[in-house]
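The structure appears below as C-alpha cells.
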Amino acid sequence: MVARRKVAVVGVALSDCGRVDDATPYALHAQAARRALADAGLDRSLVDGFASAGLGTLAPVEVAEYLGLRPTWVDSTSVGGSTWEVMAAHAADAIAAGHARAVLLVYGSTARADVRAGRRTGTLSFGARGPVQFEVPYGHTLIAKYAMAARRHMIEYGTTIEQLAEVAVQARANAALNPEAMFRTPITVEEVLGGPMIADPFTKLHCCVRSDGGAAVLLVAEEYAGDCRTAPVWVLGSGESVSHAAMSEWPDFTVSPAAVSGRLAFERAGVRPSEIDFAELYDAFTYMTLVTLEDLGFCGKGEGGAFVEKGRLRVEGGELPVNTDGGGLSAQHPGMRGLFLLVEAVRQLRGECGERQVRRGDGSLPRLAVASGTGGWFCSSGTVVLGAG
C-alpha cells in the first residue's frame with residue numbers, strides 16, 4: 001500500500017467583505033485567491049487542483065479560467081453551506097493519495113449588493129421541481145424550515161427563546177473584537193427578543209446578516225509545507241453526511257447531519273470533542289449553533305440551551321469559544337459561508353487574530369479546532385478537524 005501524504009492548509013484569505021458595491025463575484029474570487037497564495041508565499045503554478053461552487057454555468061471551469069488556472073483535479077460539489085468543508089475533505093483525500101499537490105478552494109458572492117441593486121430578490125428560491133414541489137405551494141421558506149426545527153427542539157427539550165438569543169449575543173461579543181466584522185455593537189437578549197419577527201420563533205437578530213465577500217483556502221502536500229511563509233495547519237480528519245431534501249423525510253428535527261459527520265471527523269482525527277480548543281460552526285440561525293454543539297458532542301442532546309446560556313461561546317472567558325470572528329450572525333454571511341469557517345480556524349491556530357485570539361488555560365495558543373458547515377435546511381454537513389503545526 002502506498003503511504004498517504006499528510007495534508008496542510010498553508011494559505012487562507014478573505015476578499016473585501018461586508019458592503020462591497022463595486023465588485024463582481026468573479027473579482028472577489030480573484031482577490032481572495034491572490035491573497036491566499038500570497039499568504040502561503042507560493043506561486044500559482046504549483047496549484048494543480050481547484051474547487052469552486054456557486055458561480056458560473058460550468059463551475060469550477062469558468063472560475064478557474066478567470067483565475068488563469070488549468071487544474072488537473074477539480075471539484076464542484078455543491079451542498080449549500082457545508083460545501084467547503086466537504087470540498088476540503090475531498091481535496092485532502094486527493095492530495096493524500098497523490099492525485100494533486102496543491103488545491104485551491106475559492107468562493108465569492110455579492111449577495112448583499114445584488115439585492116441592493118435589484119439584481120435578485122431577498123428571498124432565495126430553490127424552485128419548485130423535485131421533492132420541494134410538495135412544500136413550495138404552502139409557502140414553506142428556507143427560514144421557516146429552520147424555525148420549525150427550532151420550535152421542535154423547544155417543545156422536546158424545553159429550550160427557551162432566551163437561550164437561543166444568547167447565541168446571537170455571544171456571537172456579537174466576539175464580533176466586537178474583530179475589526180473586520182460587519183456588526184460590532186454589543187446587543188442584549190432583550191434586544192434580540194424585541195426585534196421584528198421573521199419566522200416564529202426567529203426575530204431579525206436570530207438570523208444571519210446579508211453581506212458581500214469571498215474567501216480562499218490553499219491545501220498542499222506535506223513536502224511543500226516547508227516552502228511556505230506560514231506555519232502549516234494540518235488536516236487531521238474529516239467527515240461528511242447528508243440527511244434529507246424534503247422536511248417530511250427528516251427523521252428528527254432535533255438532530256442534524258453533523259451528528260454523523262462530526263463523529264466520523266473526530267474518529268478519523270483520533271481526538272475527542274473535549275480536546276477541541278475552539279469551534280467554527282455554521283450559524284445562519286441561532287438554532288444551528290445550538291444543535292450543532294449537541295451533535296458534535298460538546299454537550300448532550302437537549303442540553304444545548306443550558307450549555308450556551310453560561311457564556312461558554314465567548315472568546316473572552318468562554319470555555320469553548322465558538323465563531324470567534326462573530327460568525328454569520330455578526331461578521332459576514334455572503335451566501336455559502338463554510339469557507340469562512342476554515343479561514344478563521346486556521347488564523348486562530350496560527351495565532352494571528354489579535355484581540356480576538358483564543359488562548360488555552362495556560363496562555364498558550366490553541367492546538368485543535370473543528371470547523372463544521374451545514375447546508376440547505378440541515379440537509380448536509382461537513383466537519384473538519386484541524387491541528388496546529
Side-chain angles (χ1 to χ4, degrees), residues 1-13 33 36-51 71-75 77 82-106 215-240 261-273 275-280 296 338-339 341-352 360 364-373 382-389:
M1 178 180 292
V2 177
R4 290 171 62 85
R5 297 184 292 183
K6 292 174 61 180
V7 180
V9 179
V10 294
V12 297
L37 287 166
D39 182 56
L42 293 177
D43 189 85
R44 70 176 184 178
S45 62
L46 183 70
V47 176
D48 57 355
F50 185 71
T72 55
W73 181 93
V74 295
D75 189 2
T77 298
S82 64
T83 290
W84 307 103
E85 282 67 39
V86 172
M87 281 185 171
H90 295 176
D93 285 344
I95 293 171
H99 298 158
R101 61 193 179 205
V103 177
L104 183 64
L105 282 60
V106 190
V217 169
L218 179 65
L219 301 93
V220 302
E222 58 183 309
E223 60 263 34
Y224 298 101
D227 298 330
C228 299
R229 58 174 296 274
T230 56
V233 169
W234 302 101
V235 178
L236 303 181
S238 63
E240 57 195 86
S261 70
R263 174 179 56 79
L264 292 173
F266 286 127
E267 287 177 355
R268 292 164 180 170
V271 303
R272 299 182 300 274
E275 298 176 78
I276 296 295
D277 294 310
F278 66 93
E280 307 296 338
L296 292 180
L339 199 53
L341 309 182
L342 294 170
V343 171
E344 177 68 10
V346 170
R347 286 176 168 176
Q348 285 285 351
L349 290 171
R350 296 194 316 205
E352 299 172 348
R360 305 176 85 182
S364 62
L365 290 175
R367 303 294 300 171
L368 292 171
V370 63
S372 188
T383 302
V384 179
V385 177
L386 299 168

* **Pairs involving residues 218-229, ordered by first then second residue, that meet salt bridge (charged side-chain N to carboxylate O under 4.0 Å, His left out) (sequence neighbours left out)** => Arg5-Glu223, Asp39-Arg229
* Which atom pair, heavy atoms only, marks the closest approach of Trp73 to Ala100? -> CB-CB, 4.2 Å
* **pair Leu37-Leu218: side-chain heavy atoms closer than 4.5 Å** => yes
* How close do Val343 and Ala13 get, heavy atom to heavy atom, and via which atoms? -> CG2-O, 3.9 Å
* To the nearest 0.5 Å, how far apart are OH in Tyr224 and CZ in Arg101? -> 5.5 Å
* To do: Assess whether side chain to side chain contact (heavy atoms under 4.5 Å, CB included) is satisfied between Leu386 and Val235, documenting all intermediate values.
  => CA-CA 5 Å; Leu386 299 168; Val235 178; 4.0 Å; yes
* To do: Check the pair Val12, Arg350 against side chain to side chain contact (heavy atoms under 4.5 Å, CB included), reporting the backbone distance first and the verdict last.
  => CA-CA 11 Å; Val12 297; Arg350 296 194 316 205; 3.7 Å; yes
* Within-4.5 Å side-chain heavy-atom neighbours: Asp277 and Gln348 -> no
* To do: Give a yes or no answer on whether the side chain of Asp48 reaches the backbone of Thr72 with a donor-acceptor pair at less than 3.5 Å.
  => no
* Do Ile276 and Phe266 come within less than 4.5 Å of each other through their side chains, counting heavy atoms only? -> yes
* Step-by-step side chain to side chain contact (heavy atoms under 4.5 Å, CB included) determination, Val346 to Val217 -> CA-CA 9 Å; Val346 170; Val217 169; 5.8 Å; no
* Taking Arg268 for its side chain and Ser238 for its backbone only, find out whether a donor-acceptor pair lies under 3.5 Å. => yes
* Structure fact -> Residues at least two apart in sequence or cross-chain that pass salt bridge (charged side-chain N to carboxylate O under 4.0 Å, His left out) with Arg367, listed by chain then number, are none
In a table with atom names and distances, give each donor-acceptor pair under 3.5 Å that connects a side chain of residues 83-98 to protein atoms at least two apart or in another chain.
{"from": "Thr83", "atom 1": "OG1", "to": "Val79", "atom 2": "N", "distance (Å)": "2.8"}
{"from": "Thr83", "atom 1": "OG1", "to": "Gly80", "atom 2": "N", "distance (Å)": "3.2"}
{"from": "Thr83", "atom 1": "OG1", "to": "Gly80", "atom 2": "O", "distance (Å)": "2.7"}
{"from": "Trp84", "atom 1": "NE1", "to": "Met336", "atom 2": "O", "distance (Å)": "3.3"}
{"from": "His90", "atom 1": "ND1", "to": "Asp75", "atom 2": "OD2", "distance (Å)": "2.9"}
{"from": "His90", "atom 1": "NE2", "to": "Glu240", "atom 2": "OE1", "distance (Å)": "3.2"}
{"from": "His90", "atom 1": "NE2", "to": "Glu240", "atom 2": "OE2", "distance (Å)": "3.2"}
{"from": "Asp93", "atom 1": "OD1", "to": "Arg4", "atom 2": "NH2", "distance (Å)": "3.4"}

* Asked: Any side-chain heavy atom of Glu280 sitting closer than 4.5 Å to one from Val370?
  -> no
* **Side-chain heavy-atom pair Phe278, Leu368 within 4.5 angstrom cut-off** => no
* For the residue pair Thr383 and Ser261, what are the closest heavy atoms and their distance? -> OG1-OG, 2.8 Å
* Check whether any side-chain heavy atom of Leu365 sits under 4.5 Å from a side-chain heavy atom of Arg360, and report yes or no. => no
* Report yes if the side chains of Leu339 and Leu342 come closer than 4.5 Å at any heavy-atom pair, otherwise no. => yes
* What's the shortest heavy-atom distance between Gly11 and Ala40, and which atoms? -> CA-CB, 3.9 Å
* **Nearest heavy-atom neighbours spanning Pro232 and Ala225** => CB-CB, 4.1 Å
* Can you find a pair of side-chain heavy atoms, one from Pro71 and one from Val74, that are under 4.5 Å apart? -> yes
* To do: Provide the closest heavy-atom pair for Leu296 versus Ser372 in the form atom of the first, atom of the second, distance.
  => CD1-CB, 4.0 Å
* **Ionic contact status for Arg272 with Glu275, cut-off 4.0 Å** => yes
